[in-house]
Amino acid sequence: MPSLLGPFVRCRLGAPLLVLWLVLAGFTCTGSEHTATATLPAAFSDLLPHFLVEPEDEYIVKNKPVTLTCRSTPATQIYFKCNGEWVHQDDHLIERTVDPATALPVMQVTIEITRQQVEKIFGLDEYWCQCVAWSTTGTQKSQKAYIRIAYLRKNFEEEPQGKEVALDQEVLLRCHPPEGVPQAEVEWQRNEDVIDPASDPNFFITADHNLIIKKARLADTGNYTCVAKNIVARRKSTSATVLIYVNGGWSTWTTWSSCSAVCGRGWQKRSRSCTNPTPLNGGTSCEGQNIQKSACVATCPVDGGWSEWSKWSACGADCSMWRSRECTQPSPGTGGKDCQGLDLQSLNCTSEQCPQTVSGAEDVALYVGMVAVALCLTLLLIVVVLVYRRKKEGLDADVADSSILTTGFQPMGIKPSKPENSHLLTIQPDLTTTTTSYQGTLRSRHDTTGKFSMTNGPLLDPLPNGSHTLHNGKLNPDPADFVSRLSTQSYFKTLPRDVANTSYGTFNFLGGRLTIPNTGISLLIPPEAIPRGKIYEIYLTVQRKEDLRLPLAGCQTLLSPVVSCGPPGVVLSRPVILSMDHCSDACLDNWAIRLKKQNYEGAWEDVLLMGEELVSEPYYCQLEAETCRLFSEQLGTFALVGESLHMGAAKRLRLVLFSDAYCSTLEYNIRVYCMDDTQDVFKEVMQMERQLGGRLIDEPHVLLFKDSYHNLRLSIHDMPQAHWRSKLLAGYQEIPFYHIWNGSQRYLHCTFTLERLSLSTCELTCQLCVWQVEGEGQSFSLDFNIAKDTRAVDSEFLLMDNNATALAGPSAFQIPYLIRQKICSSLDAPCPNGADWRMLAQRLKLERHMSFFASKASPTSVILDLWEAQHFHSGNINQLATVMADIGKQEAMIFLVSDGEC
């Protein structure tokens with residue numbers, strides 16, 4: 001071979017095998033760019049090449065080429081082979097050096113791989129490269145280096161989902177990152193902060209990139225994001241909201257409160273709060289009642305009583321003897337009063353009994369003192385008699401005509417059945433007067449200027465003529481004049497000028513009554529409630545709920561109309577009685593009912609909690625099935641607000657159905673009103689429908705609406721399909737729960753639009769179903785003729801109250817004034833056998849209010865006031881007379897007069 005080619009051979013580019021053969025043959029090859037030396041030092045001629053640097057896996061990012069490097073010693077030549085093909089020699093960059101430590105030749109070769117080269121075989125096989133090194137002894141191959149195109153897709157294969165988890169529970173958030181080369185690394189963020197499980201061991205990231213919160217804490221609430229990244233890009237998943245909620249837990253019960261009654265039967269309560277823990281982040285509230293009530297019996301106070309006097313002791317050396325007694329019959333107990341008086345009494349002995357004779361100046365001083373005491377007692381008695389006569393003359397001046405005390409007397413035809421009652425005293429009524437004939441000017445006894453003093457409150461200005469005339473009967477002042485004068489006062493500028501729902505009158509010490517017709521609202525002003533010498537102009541009005549916004553929170557709801565009586569600030573000697581309807585189920589076990597009063601600044605204050613009334617407070621309530629009776633020593637604006645104690649609490653709703661009075665088209669509308677079951681709202685709806693020309697098509701129905709957070713649904717069924725069809729798209733209509741419970745609107749209604757297939761069709765029969773979602777419902781049958789039924793909206797369903805809106809003096813009461821005083825004086829005094837005001841309260845089923853009655857100066861008078869408020873329209877005074885006879889107080893029943901005697 002050397003003899004044929006000569007000492008030098010020109011190397012062909014791209015022929016590494018020929019070069020290798022020439023080197024092995026001992027020739028030196030010289031090319032245009034590269035020259036391979038075929039000789040090595042003799043000491044290293046037998047060494048195989050070994051690689052100092054081998055090519056490694058690389059990733060092509062976007063369009064940037066990658067560089068592969070191969071270094072070997074001792075090596076005469078190094079070439080790259082990629083995917084089984086030799087890389088062209090021109091693509092190699094060769095660098096030769098000598099290792100200073102070993103003096104071995106070191107050869108380094110680098111090549112660049114572009115994205116286009118890799119993409120040529122993309123999908124067929126992976127792109128790889130390796131280098132081959134030669135020496136005089138032989139060849140060596142490096143490891144394969146794989147070249148891949150790097151990428152990271154945009155969409156996650158699985159993203160984390162938001163969760164609501166209870167406190168201390170485990171939370172698992174899944175994340176499957178997007179496909180990518182190289183495989184993406186995953187990290188988790190909470191509210192944009194990276195989660196580091198090393199610093200917070202409560203977090204754990206699994207091998208498949210899921211996040212585990214071992215024990216949920218409140219601080220773990222937040223937005224969690226899964227982040228995937230590699231050398232190409234960084235991707236974020238959508239945030240998953242993790243809400244850690246806390247279910248409420250009851251605290252321990254408080255101790256039982258003291259008994260609400262001072263004497264007798266009362267109530268005591270204990271409470272607990274949903275604060276152990278407090279519900280957070282939508283956690284469930286505590287189930288059950290937060291207030292427990294229990295009946296209790298308070299031991300009545302026992303006043304002490306004296307025992308009998310002991311026998312007189314023997315006369316002592318000081319000429320005196322003594323005797324004693326003890327406060328033991330009975331002994332005072334449970335807060336009762338101690339005995340009044342002396343427990344030791346002494347007396348001088350007579351001269352015969354006294355061992356020593358006492359005479360001289362001491363006897364004279366004793367007699368002089370006794371005479372002085374007698375004179376003082378005589379003078380005191382004279383003063384008392386004079387004062388009594390003056391008071392009696394004052395009463396005669398105020399009540400100038402005896403007919404004012406007997407006017408309003410109603411004859412009765414019931415006589416006691418027992419013979420022993422035949423001797424009852426009787427009084428003949430004054431038949432020379434009528435119930436409206438008494439007229440007299442009542443003014444302050446000390447007023448000489450023709451004007452009366454208004455020093456006890458923001459009262460109205462005096463009447464123009466300087467006097468106030470009180471008629472015994474109906475008061476008919478000019479409504480426009482009264483409202484006009486009322487609105488000029490600074491406090492009353494916010495009151496509605498609704499004459500139809502306002503009543504007013506002028507009253508003195510004889511009292512009277514104000515009534516707003518067809519609303520169930522009245523104000524009873526008992527006799528002596530207005531101080532003698534004072535004359536007040538008093539008004540009573542019902543507010544619209546939309547005019548006054550009560551601050552309601554939680555489970556609170558408005559249970560009554562908002563009623564104003566005034567003017568506020570007037571001085572009252574005894575409580576007036578305000579009567580108004582309510583719409584609760586009247587079960588205090590289900591409700592916490594509060595009386596709210598509006599102060600001068602317009603803010604609402606709680607002044608009373610039903611069932612926990614204090615007799616010392618100026619307000620007291622009796623809650624009846626449909627009516628609330630409020631005893632108040634102050635006038636103002638009042639409303640009842642209820643807070644349900646559990647889901648069994650229910651409001652009474654009244655459902656009323658109306659339709660058009662005349663229908664000349666195929667369409668026919670039925671309007672169903674849902675309102676609080678109080679007369680004032682019913683009156684307002686009736687007046688509105690009268691203006692619209694509507695008519696009632698069925699009797700009003702009462703529905704119990706429970707505090708279950710469920711809506712009210714209404715639907716119409718069972719119509720004759722051959723004649724009628726519904727134009728509603730849905731099968732039912734729904735009124736949201738909070739629209740009804742909040743009471744922000746006085747009434748709600750929905751309209752059912754029906755269509756008759758022929759104008760000749762007039763008969764309509766169907767079923768109206770009303771129910772609360774997931775609760776019991778009611779079904780009402782409707783059957784009427786749309787052409788013939790012309791029932792007016794103010795028919796028997798709205799009983800028109802034609803009574804006077806204001807009554808002053810005795811005509812406002814069923815019991816005549818003098819007879820009332822007789823009853824009070826007879827029953828107020830305690831009776832050993834219980835035949836006093838307490839028995840009257842029991843017979844009238846008012847024993848629950850014993851403590852309240854006992855706190856008043858005249859318990860009987862308060863009981864009679866309540867009886868008057870309850871029975872003004874429907875009361876039978878004969879029944880009261882029978883109760884008095886059963887008690888055994890015949891001397892008070894001077895008003896039992898038979899029909900024949902009248």
Side-chain angles (χ1 to χ4, degrees), residues 257-269 293-301 303 334-336 511 522-529 560 565 572-580 582 586 588 591-597 606-625 627-636 638 640 815 820 823-831 834-871 880 883 887:
S257 64
S258 57
C259 195
S260 61
V262 178
C263 174
R265 185 178 181 272
W267 295 93
Q268 59 181 167
K269 71 170 187 177
K293 290 186 178 181
S294 176
C296 60
V297 178
T299 305
C300 297
D303 296 336
T334 62
S522 64
L523 180 68
L524 180 74
I525 307 168
E528 307 294 340
S560 75
C565 56
L572 298 175
S573 303
R574 50 184 301 185
V576 298
I577 301 179
L578 177 63
S579 300
M580 55 184 175
H582 69 87
L588 292 182
W591 291 94
I593 301 179
R594 290 176 171 83
L595 176 70
K596 286 184 176 286
K597 180 177 183 291
D606 292 342
V607 296
L608 181 146
L609 176 61
M610 292 286 188
E612 299 183 11
E613 301 93 338
L614 299 177
V615 296
S616 59
E617 296 295 327
Y619 309 100
Y620 190 86
C621 275
Q622 170 173 297
L623 192 69
E624 301 170 4
T627 308
C628 172
R629 314 284 180 184
L630 169 62
F631 293 82
S632 176
E633 298 176 8
Q634 300 175 4
L635 302 183
F638 301 93
L640 286 182
I815 306 175
R820 175 192 177 95
I823 297 175
C824 293
S825 61
S826 175
L827 296 182
D828 279 344
C831 187
D836 51 24
W837 64 268
R838 292 171 294 183
M839 185 174 292
L840 176 62
Q842 292 175 354
R843 295 297 175 88
L844 297 179
K845 302 186 185 303
L846 302 175
E847 60 271 13
R848 191 178 76 85
H849 311 295
M850 286 290 193
S851 299
F852 173 68
F853 297 145
S855 66
K856 302 303 176 184
S858 175
T860 308
S861 181
V862 179
I863 295 173
L864 295 180
D865 292 343
L866 181 56
W867 186 89
E868 291 275 7
Q870 292 175 322
H871 301 91
L880 182 62
V883 170
I887 295 175

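For the pair E617/V607, no side-chain contact is recorded, criterion being any heavy-atom separation below 4.5 Å from C-beta on. Side-chain contact between L572 and L635 is present, with heavy atoms from C-beta onward closer than 4.5 Å. The shortest side-chain heavy-atom distance between L595 and L640 falls under the 4.5 Å cut-off. Side-chain contact between L864 and C824 is present, with heavy atoms from C-beta onward closer than 4.5 Å. The closest side-chain heavy-atom distance from Q842 to M850 is below 4.5 Å.
The line from CG of L866 to NE2 of H849 is 7.0 Å long, rounded to the nearest 0.5 Å. The distance from atom OH of Y620 to atom CG of L614, rounded to the nearest 0.5 Å, is 10.0 Å. The structure places CD1 of I823 at 10.5 Å from OG of S861, a figure rounded to the nearest 0.5 Å. One finds the CD atom of E868 at 11.5 Å from the OG atom of S522 (value rounded to the nearest 0.5 Å). Atoms NZ and OG, on K269 and S258 in that order, are 10.5 Å from each other to the nearest 0.5 Å. For the atom pair I577 CD1 and I525 CD1, the distance stands at 11.5 Å (nearest 0.5 Å).
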CA sep, side-chain torsions, deciding dist, call: C296, C259, disulfide (SG to SG under 2.5 Å)
CA-CA 6 Å; C296 60; C259 195; 2.0 Å; yes
Stepwise side-chain hydrogen bond (donor to acceptor under 3.5 Å, both in side chains) check, Q634 with Y619
CA-CA 8 Å; Q634 300 175 4; Y619 309 100; 2.8 Å; yes
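Shortest non-hydrogen contact noted between L630 and C621 is CD1-SG, 3.6 Å. Smallest separation of non-hydrogen atoms from R843 and V883: CB-CG1, 3.6 Å. Of all non-hydrogen atoms in D836 and C831, the two that sit nearest each other are OD2-N, 3.1 Å. When all heavy atoms of L623 and C628 are compared, the closest pair comes out as CD1-CB, 4.1 Å. Nearest heavy atom pair, residue S855 against residue V615, reads OG-CB, 3.7 Å. P859 approaches W837 most closely through the heavy-atom pair CB-CD2, 3.5 Å.
Contact check on E528 versus R574 returns no salt bridge, with no Lys/Arg side-chain nitrogen under 4.0 Å from an Asp/Glu carboxylate oxygen.
Between the side chain of Q622 and the backbone N or O of R848 there is no donor-acceptor pair closer than 3.5 Å. In this structure, the side chain of E612 does not engage the main chain of M610 through any donor-acceptor pair within 3.5 Å. E633 places no side-chain N or O within 3.5 Å of a backbone atom of P575 that could act as its donor or acceptor partner.
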